[in-house]
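Below is one structure; the comments refer to it alone.
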Amino acid sequence: MSSWTGYAFFGKRLSNMKKPKLFIPGPTHVDDAVLEAMASYPIGHRASSFSALYDEIVAGVQKVLFTKNRIFLGTCSATGLMEAAVKNTVRKRCANFVCGAFSKRWHEITKSSGIECDKIEVPLGHATTPDLVRKVLDAGKYDTVTVVHNETSTGVMNPIYDIAEVMREYPDIVFLVDMVSSMASIKVEIDKLGIDVAIASVQKGWALPPGFSVCSVSEKVMDRSKEMKHKGYYFDFLVMEKYAQKSQTHSTPSIPHMFGLKTQLGRIFTEGLNNRFNRHKELANMVRSWGKNHFSLFAQKGYRSDTVTCMNNLPGFSLAELITRLFDKGFHISGGYGPLKDKTFRIAHMGDIQKSDIEELLSVINETMKEMNS
Ligand SMILES: *Cc1c(COP(=O)(O)O)cnc(C)c1O
């Protein structure tokens, strides 16, 4: 077992406590095999052993994403690649579809990069629908679209297959998708859907420690990138491509993450992609039916996430106390995000969380709620 000592933000000395298992929507639980791989002695990033590692990771990620598109590795969290995606693509104007805090973040990133853009927002708990996308794009103002697949702050999973169907009617518009909390946990076939850039950090559905990210990038985006000015260097897809040709990164990457990702890809293929995707559906059903019995679900019916469930709080119930009590018992769940902080709470069933973990968690929550009521 990896060691765990430290201070949690609850302010208690925890070194004698059980390591709290992560049921928060990132970072998620990491398997010991991955942690051990990350502790390997470094290799040089211009060595041939590095290029072999690089190629293996790229091929593995392509398989998980059902794509032949190029894969870029980011030594940054997904937010960095979200910035890269808009800086490399938007010539005219970007439509940022917003349904919660993370999709809103992409709008802020676009705006602060000096790019012309509009926020197209739906109420929290609602999804970005294909009809809305068509209505907005029909105006002819936009050459780029940003959409979040799984809005982690509200537990809404946007209907990405149906949205992709609409995007097909606009072949010149670039389709950028935040897949941070769905990639490697939910099946999304990048090439079939025509997604131009798909982005994820590794600390969510990939179940690695934070600090690294991956994206797939289409040929259409590379063509756009050639015309774009002032992209900077670190996030220029053309610079990334130049090094990718040599199976390298432009600067020293987080090599420990690459060791970890290689090991994790092996674990994912051992489980089997379909088994992995089905496991997430099963876990989501378990948490949703529990949530309906004890609370109520925040996200609109028909658009509920397979990786994170957001529950409405009950009147007079102390979520803060529940979360603290669970933490003391070794289970870390999450409160609501931003404006939903005290109104909702979230349980992630993402990455490497198993059925037995959710069974245990839900029974401990039931027991804890009884304690709180007595
Ligand atoms: C976590 C998250 C992000 C931000 O990812 P970082 O790794 O913190 O940069 C963006 N979008 C979604 C949907 C997320 O869940």
Side-chain angles (χ1 to χ4, degrees), residues 22-30 65 72-87 96-110 112-113 119 121-122 124-128 145-160 163 175-186 188 195 197-216 234-235 253-254 257 260-261 264 280 284 298-299 303-310 332-338 340-341 344-351 353:
L22 297 172
F23 292 91
I24 55 175
T28 61
H29 172 70
V30 184
L65 296 182
F72 292 143
L73 308 177
T75 294
C76 56
S77 76
T79 304
L81 293 181
M82 288 159 80
E83 185 166 324
V86 290
K87 283 187 171 166
N96 301 122
F97 288 92
V98 172
C99 61
F102 291 104
S103 37
K104 192 180 231 159
R105 178 82 56 83
W106 218 350
H107 175 63
E108 282 154 16
I109 290 168
T110 312
S112 63
S113 299
K119 175 172 71 173
E121 200 166 10
V122 296
L124 296 179
H126 290 239
T128 295
V145 156
T146 68
V147 178
V148 62
H149 176 213
N150 193 69
E151 179 46 76
T152 319
S153 63
T154 61
V156 164
M157 189 162 75
N158 282 323
I160 201 72
I163 292 171
F175 186 21
L176 308 176
V177 183
D178 170 344
M179 282 179 45
V180 178
S181 59
S182 60
M183 192 186 285
S185 289
I186 300 171
V188 179
I195 293 174
V197 179
I199 297 167
S201 315
V202 296
Q203 80 277 15
K204 307 226 174 157
W206 283 103
L208 270 81
F212 202 70
S213 48
V214 299
C215 66
S216 70
Y234 201 72
F235 290 134
S254 174
H257 276 99
L261 193 47
Q264 182 62 347
H280 283 89
F298 182 74
Y303 301 105
R304 290 172 183 154
S305 165
D306 283 347
T307 55
V308 56
T309 299
C310 184
H332 194 177
I333 67 163
S334 188
Y337 195 100
L340 301 172
K341 187 171 185 295
T344 66
F345 70 101
R346 294 167 300 157
I347 296 176
H349 25 89
M350 195 184 292
I353 293 293

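These figures come from a predicted structure and were not determined experimentally. Both counts, for ligands and for their atoms, begin at 1 and track the order of listing. Side chains included, hydrogens not; waters and symmetry mates left out as well; all remaining heavy atoms used.
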Can you check whether G335's main-chain N or O pairs, donor with acceptor, with R346's side chain at less than 3.5 Å? yes
Show me which atoms of ligand 1 lie under 4.0 Å from any heavy atom of [X].
| X | value |
| --- | --- |
| V148 | 13 (C) |
| K204 | 1 (C), 2 (C), 3 (C), 14 (C), 15 (O) |
| N150 | 13 (C) |

Who's the nearest protein heavy-atom neighbour of [atom], and how far?
| atom | result |
| --- | --- |
| atom 3 (C) of ligand 1 | F102 CD2, 3.4 Å |
| atom 11 (N) of ligand 1 | D178 OD2, 2.6 Å |
| atom 7 (O) of ligand 1 | S201 OG, 2.5 Å |

Any nitrogen or oxygen of [X], main chain or side chain, under 3.5 Å from a nitrogen or oxygen of ligand 1?
| X | result |
| --- | --- |
| T152 | yes |
| S77 | yes |
| M82 | no |

Any side-chain donor-acceptor pair under 3.5 Å between H280 and T307? no
Check whether any side-chain heavy atom of M183 lies under 4.5 Å from a side-chain heavy atom of V214, and answer yes or no. yes
Is I160 close to F175 at the side-chain level, that is, under 4.5 Å between some pair of heavy atoms? yes
Hey, are K87 and E83 close enough for a salt bridge, meaning a charged N less than 4.0 Å from a carboxylate O? yes
Steps toward side-chain contact (heavy atoms from CB on, under 4.5 Å) verdict (T146, V86): CA-CA 8 Å; T146 68; V86 290; 4.0 Å; yes
Should the proximity of T79 to ligand 1, defined as any heavy atom under 4.0 Å, be assigned to the side chain, the backbone, both, or neither? both
How long is the span from the CG atom in N96 to the CG atom in D178, to the nearest 0.5 Å? 11.5 Å
Ring-face cation of K204 near F102 (centre distance under 6.0 Å, axis angle within 45°): yes
With a 4.0 Å cut-off on heavy atoms, does E151 reach ligand 1? no
